[in-house]
Every structure is written in C-alpha cells, then in structure tokens.
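Remember, it's 1-based here, ligands and their atoms both numbered in the order they're listed.
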Amino acid sequence: MTVLEVIQRSTEFLARKGIESPRLQVEWLLAHVLGLPRLQLYLNFERRLTDAELEALRDLLRRRARHEPLQHLLGTAVFCGLEFTVNRQVLIPRPETEVLADLALQWLKSRPGQPRVLDFGTGSGCLAVTLAREHPAARVRALDVSAEALAVARENAARHGVAERIEWLEGEGWAGVPAGSRFDLIVANPPYIPTGDLAGLPPEVRDFEPRAALDGGPDGLRFYRELAAGRERVEPGGRLMAEFGDGQAEAVVGLFREAGWGEVDVAPDLAGQPRIVIATRGAS
Ligand SMILES: C[S@@+](CC[C@H](N)C(=O)[O-])C[C@H]1O[C@@H](n2cnc3c(N)ncnc32)[C@H](O)[C@@H]1O
C-alpha cells in the first residue's frame, strides 16, 4: 500500500471509531512511523510501506481508536516551541499553559538580579524548563507530589540543557517546600477538576492522564486555597500566577483576596476566557 492509500484507509478507520480530526491524527502517526516531518508525507504519496511499517502503524491506530492520546503514542508534546517527553505519569502540557509561561517570562524580564521561581506541581516540567531556558538568571525550583512525574520532568530538563539549573522538590504542597524559602515568582497549573466531574471527562483525559494531575477536590478549588495560603512564601512585591478552569475565576480571585494578597488580577487565555490569576504580594 502507498502512503496515500494508507492515509485514506486509516482516516476512515479512525473516523468510524469516533476519533476527532482523524486525517490529521493519521498523518502524525504515519510520519512518526516513517521518521519523517508530517508535511514530508505530501511529497511521498506514492512511497510503498514495508510490512514492518504497516504493522507498526496498525498497532498505533488500534491504540488511538481506544482513545490513547496522540501525544502518548508519539511520546512527546510541544510546549512553547520545545519538545517534552510525556507518558502516563504526567499531564500533557496544554496550550493555555503557554500563556502562563509567557506572562511569567514577561514579568521575570522586568525583575533585576536572579529571581527565585517555584513551579508548584511541575508534572512534565514544561513550565520550570521553559522558564529556566528562557530566563537564564532565574533560580528555579520545581515541586511535585509524584516521584514518577519528577523523573519525567528531570528528563525534560536534561533534554533542554537546564538539568543543573533546576532544584527538584518531592512532596505534598507547601509541606514539600523547605520552610523559610521565599520566591519572587510562583507559577502553578494545579489540578482543578471537581472530583465529581472526573468521570465525565473525555476518555483520553479520564483514562490516560494521572488522576493526581486532574483532581482538584470536591469543588475543584482545593489547590487555590493552598496557594492563596502561601502568601508568606512570596517576597513582598513578588507574584503568584496560577491557571484555573472554566467558570472558576470569581471563586479563585475571592480566595486570594480573602487571604490578604494585594492586587489580584485575571488574564485571559488565547480564546479570551479568564484563565490565569495573578496575585501580587503587597509591600508588607
Ligand atoms: C495539572 S498538572 C500540571 C503539570 C504541569 N505544570 C503542566 O502545566 O502541564 C498538576 C501537577 O500537580 C501535581 N500535584 C498534585 N497534587 C500535588 C500536591 N499536593 N503537591 C505537589 N504537587 C501536586 C500533580 O502530580 C501534577 O503533576
């Protein structure tokens, strides 16, 4: 079978299985099997696949049809233009979180010296690694409760040449951050799905992403309470920036205001939805 025939038949297969954007998914998987950039497929429509290539693709298609995420099949996801290893131990980095990375970088660039940064719930390390790479003066620490996630994050730091520049903390929330350490900037994309909503998530998320990366407690706000209570962990004039879920803006802003932070603002994501709380610790 030629590349073009394989694309056509596989697209029909994934469409029958109810997978969204089936043609694009097939192209990514086939390019992965052939070791080509995706767009090169278009210059190779007449190329014939070997039996081994066809078998490898069939295996990936069967897994995709069972809703295994495309990024797990490829083994990578792109975040802020960098490729990150991903697997079932970490959340697949999302485009919304790139907005958080951009806002954090903009703010870091306005800070003199060597700002201290904490990535609270680092997962794949996408935020910590991006900030360390793009702002070499930053001294970055990355916290996660999952040792397996931290192993992936370390691998990603090594892949992008910043392994020596990030300190890894394994622990649960503030208990995992050495007492007395203070930060100029804390970034977080904490779990924010209300526990009762987990069962209704798409199978790609519910069945393949770690529950510890999703479950935000009964009302989804557990981690914003914990973050808001961490005002003392931020230097006066420093900031905390955290992503939140749809419909959570008012409650999240309320939690930071109640906890006595100074200015509390909200920034939108690329779709214009309120997505990031930016809390500044006042001078005291
Ligand atoms: C939504 S994921 C975000 C991962 C990554 N920062 C990103 O944006 O893709 C949240 C992460 O928080 C971690 N986490 C969950 N509970 C935690 C806790 N109590 N203390 C520290 N990390 C926690 C999870 O293991 C997961 O890696």
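- Residues Leu34 and Leu41 form a side-chain contact, since some pair of their non-hydrogen atoms from C-beta on lies under 4.5 Å apart.
- Put simply, the side chain of Pro190 reaches to within 4.5 Å of the side chain of Leu227, judged on heavy atoms.
- Under a cut-off of 6.0 angstrom, the local environment of NZ in Lys109 is crowded, with over 12 non-hydrogen atoms contributed by other residues, nucleotides or ligands.
- Counting non-hydrogen atoms of other residues, nucleotides and ligands closer than 6.0 Å to CZ of Arg62 gives a total above 12.
- With hydrogens and angles left out, the side-chain atoms of Thr195 and Asp215 include a donor and acceptor closer than 3.5 Å.
- Residue Glu235 is tested with Arg111, Arg281, Arg116 for a salt bridge (charged side-chain N to carboxylate O under 4.0 Å, His left out); the sole match is Arg116.
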Pairwise, report which nitrogen or oxygen atoms of ligand 1 are under 3.5 angstrom from protein nitrogen or oxygen atoms, and how far apart they are.
from, atom 1, to, atom 2, distance (Å)
ligand 1, 6 (N), Gly121, O, 2.9
ligand 1, 6 (N), Thr122, O, 3.4
ligand 1, 8 (O), Asn189, ND2, 2.9
ligand 1, 20 (N), Gly173, N, 2.8
ligand 1, 22 (N), Val145, N, 3.3
ligand 1, 25 (O), Asp144, OD1, 2.6
ligand 1, 27 (O), Gly123, N, 3.4
ligand 1, 27 (O), Asp144, OD2, 2.7

